S.K.: 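Structure provided below as structure tokens; questions to follow.
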Amino acid sequence: MKARYLLFFLLLAAACTPKARSLTILTTDDVHGAWFDSTYVGDRTRPSLMALNWYVDSIRKADGAKNVLLIDAGDCLQGDNAAYYYNYVDTTGEHLFTRLSAYMKYDAVSVGNHDIETGHAVYDRVTAELGRHGIPFLGGNAIRNDDGRPYFPLYKTFRRGGFKVLVLGYTNPNMAAWLDESIWSGMTFKSLIPLVQEDVDSVKAKERPDVTIVCIHSGTGKGDGSILESQALDLYKTLSGVDFVVCAHDHSQVCFHNDTIALINTGNRARYLGVGRISVGPNGEKTLGTELIWVDKKKTDPVMREAFRKDYEAVKTFTLQKVGVLSTDLYTRDSYSGMCPYINLVHRVQLEGAGAQVSFAAPLTYNGTVRAGELVYNDMFTIYPYENQLFKLALTGKEIKDYLEYSYGLWLADPGSDHVLRIRAQDDPRNNQARWSFAERTYNFDSAAGLIYTVDIRKPAGERVDIKSMADGTPFSPDSTYSVAMTSYRANGGGGTIIEGAGLSKDEIESRIMGRYAEIRELIYRYIKENMILDEDLLSGGAAIGRWEFIPSAEASDRIEDDMMLLFGK
């Protein structure tokens, strides 16, 4: 009898003794539609969800699926042929992203700014579909204008690793600076500070979680509160009661932690898998860990590939349809050294599409090539990878010049530098460069068409641009008003060019809008279909496009060529 009582008390004591618990958090972000391991043309492969899933499954097997949480920090629905196809072409069934997320057993996804860019019809549909699979599309700082509640879910709780886990999700608060209000009508985007801390305090009081994760589509930033679109490090430094900040947006690979909080940013396009670990020992001691795992594109999950083969074939058929014929190779990188056929094509389409006198355009593909010969729809994504609308604004001649001065200020180094282009000798994870890279984002390097002008590399920022005339030789006046074609991103203040450069306030921009048109990629597609052959006449300057050049010509050409060699090699 005594032995029986002793055994009972030993078992009771064992049951009451705290046990060690451990949770693995797997993170992705900015996948931008890199769902398939193929680029649809030839036999080239790339990192993708197909390969990333191999790592996710391996970790779930090693750590136990009940101890693993998989979350994504946004920008899922834009950036690739497959995303475009299931956003706008095949809209009858469940969205491919929804099916992929369910297949991979994502637990939660935050909304990215490029997800919002797809428009209400797309992100509202995906929100509902994900919700039916139990996957919240989180965006707690997108606040409804009618009732003040979040437009997207704010949070969800999970039981994993012996913990009650709270995941709160937020989108980028700077949305209004990039996207036309019609795309995000009915809501307002709040800064993550102090909102996240307020939500953490409120929801934790209600849910009483053991682990709290904040998943945000916001860049890492400087941690000094100066960048609205990149507040992750600000939160890392100030949040109380949070274990992990999972961030995104700036395409940087970052992970670090201290004794109380960790931060993970995996970069973009499924190149890395973020791993966070938290364990609590028998005596309550907490340990945090973070790492980034490089994704080997060759480790494609064959079962997953086969499961979505029909979807891949549908996208491939769509993107290989013939569009027209190109008479010369297009190199997007040529845009950095002056006028070139690639950027001339974009300018020409914008001028004609908006019926504008002037066009502003920048290279949106960092280093892409479209070969001469038969063009297919797949080439449209190299020429124009984003779903930007075309806008037309009224600007004075002075505002046009100030706009260009600001753009070339980002583009060019200061006089006396060893370089003409503003480049630096350090890695740039945004463009995956191993050596030299631009100091500023190249998609903000706007040139102009419809004008004849020069850019003097010897002069300081603000004094470089000399506009001689309109493209047809008629006078250009600082006091006259001109119609100017540009992207919806630019027209809403993206890159700062229209606000800090041209000097328009956010409120004033709306009164300057003269027209809104179709997406620029669609206009390029229509233009090529209409002309069928893009020859040198269409891709050159002339009375419509005008011309511009860096001066003094010989010096600028030689020195820029040296800079381009550092950036791109031969």
Side-chain angles (χ1 to χ4, degrees), residues 19-31 34-37 45-74 76 97 99-110 133-136 156-167 169 209-215 243-248 253-257 261-281 286-308:
K19 296 180 180 179
R21 295 173 290 168
S22 180
L23 171 67
T24 301
I25 302 151
L26 303 181
T27 75
T28 57
D29 65 81
D30 293 279
V31 173
W35 303 333
F36 299 113
D37 61 326
T45 60
R46 61 177 178 178
S48 67
L49 289 185
M50 300 286 175
L52 194 145
N53 193 57
W54 184 91
Y55 291 85
V56 172
D57 279 352
S58 298
I59 292 171
R60 281 180 173 144
K61 290 174 183 176
D63 294 2
K66 65 181 180 180
N67 301 316
V68 176
L69 194 74
L70 175 62
I71 58 179
D72 183 274
C76 317
F97 175 70
R99 290 183 279 126
L100 288 164
S101 299
Y103 182 94
M104 294 179 66
K105 297 182 176 63
Y106 269 95
D107 293 293
V109 179
S110 287
H133 288 279
I135 307 169
K156 186 172 180 177
T157 60
F158 305 87
R159 291 283 182 180
R160 298 291 165 80
F163 298 104
K164 184 177 183 181
V165 184
L166 168 64
V167 178
D210 304 301
V211 176
T212 300
I213 301 167
V214 170
C215 183
D243 300 289
F244 286 90
V245 175
V246 178
C247 62
Q253 294 99 38
V254 179
C255 71
F256 46 78
H257 62 277
I261 190 171
L263 182 145
I264 304 176
N265 184 340
T266 66
N268 69 327
R269 295 192 178 274
R271 292 186 177 100
Y272 289 86
L273 175 66
V275 181
R277 289 191 169 89
I278 181 169
S279 61
V280 175
K286 182 174 71 173
T287 303
L288 294 176
T290 58
E291 67 173 316
L292 297 178
I293 297 177
W294 175 72
V295 175
D296 184 348
K297 64 182 182 180
K298 297 178 183 178
K299 292 187 180 296
T300 299
D301 182 336
V303 178
M304 184 177 181
R305 177 195 277 167
E306 189 58 34
F308 294 95

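As the structure is a computational prediction, the values presented were derived from the model and not from experiment.
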S.K.: Passes side chain to side chain contact (heavy atoms under 4.5 Å, CB included), Leu263 versus Cys255? Steps please.
M.R.: CA-CA 5 Å; Leu263 182 145; Cys255 71; over 6 Å; no
S.K.: Report the distance from atom OG1 of Thr266 to atom CD of Gln253, rounding to the nearest 0.5 Å.
M.R.: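 Separation between the atoms: 8.0 Å.
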S.K.: Say you draw a straight line from CZ of Arg99 to CH2 of Trp35; how long is it, rounded to the nearest 0.5 Å?
M.R.: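 Answer for the CZ-CH2 pair, Arg99 versus Trp35, is 9.5 Å.
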S.K.: If we only count heavy atoms from C-beta on, is the Leu69 to Val165 side-chain gap below 4.5 Å?
M.R.: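 A side-chain contact exists here, since the closest heavy-atom pair is under 4.5 Å.
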S.K.: Could you tell me whether the side chain of Asp30 and the main chain of Ala248 form a donor-acceptor pair under 3.5 Å?
M.R.: no
S.K.: Answer yes if the side chains of Asn67 and Thr24 hold a donor-acceptor pair under 3.5 Å, and no otherwise.
M.R.: no
S.K.: Give the minimum heavy-atom separation between Pro47 and Ala270, together with the two atoms involved.
M.R.: CB-O, 3.5 Å
S.K.: What I'd like to find out is whether the side chain of Val31 reaches to under 4.5 Å of the side chain of Asn268, using heavy atoms alone.
M.R.: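 Of all side-chain heavy-atom pairs linking Asn268 with Val31, none is under 4.5 Å.
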S.K.: Taking Gly134's backbone N and O only, do any of them form a donor-acceptor pair with Lys156's side chain (distance below 3.5 Å, no angle check)?
M.R.: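 Checking the backbone N and O of Gly134 against the side chain of Lys156, a donor-acceptor pair under 3.5 Å is found.
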S.K.: Identify all side-chain donor-acceptor contacts of residues 291-298 below 3.5 Å with residues at least two apart in sequence or on another chain.
M.R.:
unit_1: Glu291; atom_1: OE2; unit_2: Arg277; atom_2: NH1; d: 3.3
unit_1: Asp296; atom_1: OD1; unit_2: Lys298; atom_2: N; d: 3.0
unit_1: Lys297; atom_1: NZ; unit_2: Thr45; atom_2: O; d: 3.3

S.K.: How many angstroms lie between OG1 in Thr212 and NZ in Lys164, if you round to the nearest 0.5 Å?
M.R.: 10.5 Å
S.K.: Give the minimum heavy-atom separation between His257 and Thr290, together with the two atoms involved.
M.R.: ND1-OG1, 3.2 Å
S.K.: By side chain to side chain contact (heavy atoms under 4.5 Å, CB included), which residues pair with Ala108, not counting sequence neighbours?
M.R.: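 Residues passing side chain to side chain contact (heavy atoms under 4.5 Å, CB included) with Ala108: Ile71, Pro136, Leu138, Phe158, Val167.
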S.K.: So, using ring pair (Phe, Tyr, Trp, His ring centres under 6.0 Å) as the criterion, who are the partners of Phe308 when residues are at least two apart?
M.R.: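 Ring pair (Phe, Tyr, Trp, His ring centres under 6.0 Å) check on Phe308 returns Tyr103.
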S.K.: Distance from Ile264 atom CD1 to Thr28 atom OG1, nearest 0.5 Å?
M.R.: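 Spacing of CD1 (Ile264) from OG1 (Thr28) equals 11.0 Å.
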S.K.: Show, in sequence, the C-alpha distance, side-chain angles and deciding distance for Phe244 and Leu288, and conclude whether the side chain to side chain contact (heavy atoms under 4.5 Å, CB included) test is met.
M.R.: CA-CA 9 Å; Phe244 286 90; Leu288 294 176; 3.8 Å; yes
S.K.: Between the main-chain N or O of Ala102 and the side-chain N or O of His133, is there a donor-acceptor pair closer than 3.5 Å?
M.R.: no
S.K.: Count the heavy atoms of every other residue, nucleotide or ligand shown that sit under 6.0 Å from NZ of Lys105, and state whether that count exceeds 12.
M.R.: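 Not more than 12 within 6.0 Å, no.
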S.K.: Mind checking whether Cys247 and Asn265 have side chains closer than 4.5 Å, heavy atoms only?
M.R.: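 Touching, per the 4.5 Å side-chain cut-off.
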S.K.: Got a sec, which residues hit salt bridge (Lys or Arg N to Asp or Glu O under 4.0 Å) with Lys299, two or more places apart in sequence or on another chain?
M.R.: none
S.K.: So, the side chain of Arg46 versus the backbone of Phe36: is there a donor-acceptor pair under 3.5 Å, distance only?
M.R.: yes
S.K.: Using the salt bridge (Lys or Arg N to Asp or Glu O under 4.0 Å) criterion, which residues pair with Lys286? Sequence neighbours excluded.
M.R.: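 So Lys286 forms a salt bridge (Lys or Arg N to Asp or Glu O under 4.0 Å) with Asp243.
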S.K.: List the steps and the verdict of side chain to side chain contact (heavy atoms under 4.5 Å, CB included) for Asp57 and Asp301.
M.R.: CA-CA 9 Å; Asp57 279 352; Asp301 182 336; 3.7 Å; yes
S.K.: Using the test ring pair (Phe, Tyr, Trp, His ring centres under 6.0 Å), find all partners of Tyr106 that sit at least two apart in sequence or belong to another chain.
M.R.: none
S.K.: Quick check: do Leu52 and Met104 have side-chain heavy atoms less than 4.5 Å from each other?
M.R.: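 A side-chain contact under 4.5 Å exists here.
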S.K.: How many angstroms lie between OG in Ser101 and CD1 in Ile135, if you round to the nearest 0.5 Å?
M.R.: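 Going from the OG atom of Ser101 to the CD1 atom of Ile135 covers 5.0 Å.
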S.K.: Side chains of Val275 and Ile25, heavy atoms from C-beta outward: is any pair under 4.5 Å?
M.R.: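 No; the side chains remain at least 4.5 Å from each other.
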S.K.: Start with the C-alpha gap between Ile278 and Thr287, add the side-chain angles, then the distance that decides, and say whether side chain to side chain contact (heavy atoms under 4.5 Å, CB included) holds.
M.R.: CA-CA 6 Å; Ile278 181 169; Thr287 303; over 6 Å; no
S.K.: Check whether Asp107 reaches the backbone of Leu70 with its side chain - one donor and one acceptor, N or O, closer than 3.5 Å.
M.R.: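 Yes, the answer is positive, given that a donor and an acceptor are paired below the 3.5 Å cut-off.
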S.K.: Below 4.5 Å, heavy atoms only, C-beta onward: do Ser279 and Leu23 meet side chain to side chain?
M.R.: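 They are not in side-chain contact.
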S.K.: Determine whether a donor-acceptor pair (N or O, by modelled atom type, separation under 3.5 Å) exists between the side chain of Ser48 and the backbone of Met50.
M.R.: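 Indeed, once roles are kept as given, a pair shorter than 3.5 Å links the two residues.
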S.K.: So Leu273 and Thr27, do their side chains get closer than 4.5 Å, heavy atoms only?
M.R.: no
S.K.: So how far is it from Asp29 CG to Ser110 OG, rounded to the nearest 0.5 Å?
M.R.: 10.0 Å
